[in-house]
Amino acid sequence: MWKEYYHASGMYDFDYSLRRLDMDPLIRTNFKERWVDVPVRLDDNDKVVVRVNSEGTTEKPVFTVMSDHDEDQDIIFENIRNIFQWDKDLNDVHQFFQGTELAMLFHRYQGTPIVRDFDLYGSLMKAIIHQQLNMKFAYTLSTRFVQKYGEEVDGSWFYPTPEKVAELEYDDLREMQFSQRKAEYVIDTSRKIANGELDLKQIAKQPNEEVLKTLGKVRGIGPWTVQNWLLFALGRDDLFPAADIGIQNALKKMWNLDEKPAKKDIEKKAEGWSPYRSYAALTLWRSIED
DNA sequence: AACCAGGGAAGAT
DNA sequence: ATCTTCCATGGT
């Protein structure tokens, strides 16, 4: 068992990230003791569960990372630091939005970090499964999917491998109330990843525009899904999912509109929030979460 | 019961 | 290229 500390240099709302992580029934959190268990898949395919804890929240919290997997401590810690983006200076982000029309929201919701999904492939599957569904049913589906085809280690769930999903039939997912389309999108995409036609690790090195092109060509993956993946799987700073219904509703509320704003107006406005559009999106989502 | 949900493909201009 | 319709399924 090892334990490593990390002192945040500025603000970081860990309690908020816990709440977000807790939305996913597959993720094990504890609010009283302020921790979350993170499933980490190592290169040798070892599956390790890492406990991430925080003392304090928002104002210079101190994080601890613990695991009883005694090898690979440095790799595991780097992984966790990357997932939680602890080295990102959120004070800079906060400063940037002062003087914009989001200043009030950024004041109310300080130190909102991007917390990356735990698995590149799982993140993509989750985005496809969640397309166009209300959150409750969306999580019902992704949870069924992982609990049937993934693997549980010490109470935490690992997404299945693309190789495993590639072997399924569409009817296997239809039984779990996937629509025919969704079953096709999930399995066909997994097959492309399993046979090497799509290399997510390679794609992860490309700039946003290129990722939009390469992933956007895949049937079942549109702009919303790629943007989601760029934001939540890769943790990129400057994505704004204008197609997202939550974003549209948040802007409708902020601007006191009767109808949801047009996508073009949204994109135009969001240009002014570059290079931190992802943080604008997160803070807007936060403004309609209760 | 009608409309919505943290979209996307296929068809029609 | 852009607009419209259909796809599916549960939630409110």
Side-chain angles (χ1 to χ4, degrees), chain A residues 16-17 19-27 105 109 112 114-117 122-145 148 169-192 198 211-236 239-255 257-270 273 277-290:
Chain A
Y16 175 68
S17 32
R19 261 177 272 137
R20 258 195 100 80
L21 293 164
D22 189 60
M23 290 165 69
D24 191 333
L26 295 165
I27 299 175
L105 284 185
Y109 305 116
T112 307
I114 298 175
V115 176
R116 294 171 56 186
D117 289 333
S123 180
L124 186 59
M125 291 305 109
K126 181 177 168 186
I128 293 174
I129 293 169
H130 285 217
Q131 287 167 4
Q132 176 63 16
L133 297 178
N134 63 74
M135 302 282 278
K136 189 171 177 186
F137 182 54
Y139 276 114
T140 300
L141 281 189
S142 51
T143 301
R144 277 183 196 155
F145 174 71
K148 177 137 190 188
E169 304 293 336
Y170 302 139
D171 282 347
D172 294 329
L173 297 185
R174 297 230 55 180
E175 282 172 12
M176 299 191 282
Q177 288 176 284
F178 280 56
S179 65
Q180 177 66 27
R181 288 276 175 83
K182 220 180 264 303
E184 290 169 14
Y185 295 166
V186 165
I187 292 176
D188 292 351
T189 304
S190 298
R191 288 180 180 160
K192 286 180 180 157
L198 274 181
V211 178
L212 276 161
K213 268 192 237 165
T214 38
L215 271 187
K217 276 186 202 146
V218 179
R219 182 167 179 271
I221 300 180
W224 179 86
T225 304
V226 184
Q227 288 167 341
N228 244 259
W229 193 72
L230 283 164
L231 205 172
F232 290 112
L234 304 187
R236 301 264 169 104
L239 270 298
F240 201 78
D244 184 274
I245 199 79
I247 292 291
Q248 293 169 12
N249 286 332
L251 289 171
K252 178 186 164 195
K253 181 179 172 187
M254 186 172 75
W255 290 335
L257 304 174
D258 294 327
E259 303 291 331
K260 280 174 281 196
K263 244 172 33 182
K264 285 215 162 166
D265 297 336
I266 295 177
E267 273 161 1
K268 183 126 211 174
K269 180 62 76 173
W273 301 328
R277 279 177 281 197
S278 299
Y279 291 95
L282 283 172
T283 302
L284 282 165
W285 273 316
R286 203 173 165 177
S287 74
I288 54 163
E289 286 166 4
D290 269 327

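Numbers restart at 1 for each chain; the letters A, B, ... are given by sequence-line order, proteins then strands. Note that this is a predicted model, so its numbers are computed, not measured.
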Inset, instruction - Have a look at A/Gln132 and say if it touches a base, only the backbone sugar-phosphate, or nothing, with a 4.0 Å heavy-atom cut-off. - result: base
Inset, instruction - Could you work out which one of B/dG7, B/dA10, B/dG6 sits closest to the side chain of A/Asn134? - result: B/dG6
Inset, instruction - Can you figure out which of C/dT12, B/dG7, B/dG6 approaches the side chain of A/Thr225 most closely? - result: B/dG7
Legend entry - Expected output: side-chain A/Gln131 to main-chain A/Gly220 donor-acceptor under 3.5 Å: yes
Legend entry - Between C/dT9 (P) and A/Lys182 (NZ): distance, integer Å: 11 Å
Inset, instruction - Report the nucleotide, chosen from B/dG6, C/dA8, C/dT12, that has the shortest atom-to-atom distance to any side-chain atom of A/Met23. - result: B/dG6
Inset, instruction - Would you classify A/Leu133 as touching base, sugar-phosphate or nothing, given that sugar-phosphate means primed atoms plus P, OP1 and OP2, and contacts are heavy atoms under 4.0 Å? - result: base
Legend entry - Spacing between A/Glu175 atom CD and C/dA8 atom P, to the nearest angstrom: 17 Å
Legend entry - Among C/dG11, B/dA10, B/dG6, the one nearest A/Phe137 by side-chain distance: C/dG11
Inset, instruction - Determine the contact category for A/Arg286: base if any of its heavy atoms lies under 4.0 Å from a base atom, sugar-phosphate if only primed atoms, P, OP1 or OP2 are that close, otherwise nothing. - result: nothing
Inset, instruction - Output yes when at least one side-chain N/O atom of A/Arg181 is less than 4.0 Å from OP1 or OP2 of B/dA10, else no. - result: no
Inset, instruction - Report which part of the nucleic acid A/Met176 touches: base, sugar-phosphate, or nothing (heavy-atom distance under 4.0 Å, all strands). - result: nothing
Legend entry - Interatomic distance, A/Gln248 CD vs B/dA5 P [rounded to whole Å]: 9 Å
Legend entry - Length of the CD1-P vector between A/Ile221 and B/dG6, whole Å: 20 Å
Inset, instruction - Answer yes or no: does a side-chain N or O of A/Lys217 lie under 4.0 Å from OP1 or OP2 of B/dG8? - result: no
Legend entry - Atom pair distance, as rounded to whole Å: CD1 in A/Ile129 and P in B/dG6: 16 Å
Legend entry - Nucleotide nearest A/Phe232 (side chain, heavy atoms from C-beta), chosen from C/dA8, B/dG6, B/dA5: B/dG6
Legend entry - Side-chain (A/Lys252) to main-chain (A/Pro261) donor-acceptor, under 3.5 angstrom: no
Inset, instruction - Have a look at A/Lys264 and say if it touches a base, only the backbone sugar-phosphate, or nothing, with a 4.0 Å heavy-atom cut-off. - result: nothing
Inset, instruction - Taking all non-hydrogen atoms of both residues into account, name the closest pair between A/Leu239 and A/Arg236 and its distance. - result: CD2-CB, 3.7 Å
Inset, instruction - From the options B/dG8, B/dG6, C/dT9, select the nucleotide whose nearest atom is closest to the side chain of A/Pro223. - result: B/dG8
Inset, instruction - Just call it for A/Val226: base, sugar-phosphate, or nothing, with non-hydrogen atoms closer than 4.0 Å on any strand. - result: nothing
Inset, instruction - For the residue pair A/His130 and A/Tyr139, categorise the inter-ring angle as parallel (less than 30°), tilted (30 to 60°) or perpendicular (more than 60°). - result: perpendicular
Legend entry - Contact under 4.0 Å: A/Asn228 side-chain N or O vs B/dG7 OP1/OP2: no
Legend entry - B/dG6 to C/dC6 separation - P atoms, rounded to the nearest Å: 24 Å
Legend entry - Interatomic distance, A/Asp244 CG vs B/dG6 C1' [rounded to whole Å]: 4 Å
Legend entry - Side chain A/Asp172, main chain A/Glu169, donor-acceptor under 3.5 Å: yes
Legend entry - From A/Arg277 atom CZ to A/Leu284 atom CG, the distance as rounded to the nearest 0.5 Å: 13.5 Å
Inset, instruction - Please report, rounded to the nearest Å, how far the P atom of C/dT9 is from the OH atom of A/Tyr185. - result: 13 Å
Inset, instruction - Describe the nucleic acid contact of A/Glu184 in one word from base, sugar-phosphate, nothing, applying a heavy-atom distance below 4.0 Å. - result: nothing
Legend entry - 5' priority, DNA chain B, between A/Gly220 and A/Lys136 [closest heavy atom]: A/Lys136
Inset, instruction - Using only heavy-atom distances, decide whether a donor-acceptor pair under 3.5 angstrom links the side-chain of A/Gln180 to the base of C/dA8. - result: no
Legend entry - Sidechain-backbone polar pair: A/Lys263 side chain, A/Ala243 backbone, donor-acceptor under 3.5 Å: no
Inset, instruction - Measure from CD1 on A/Ile245 to P on B/dC3 and round the result to the nearest Å. - result: 15 Å
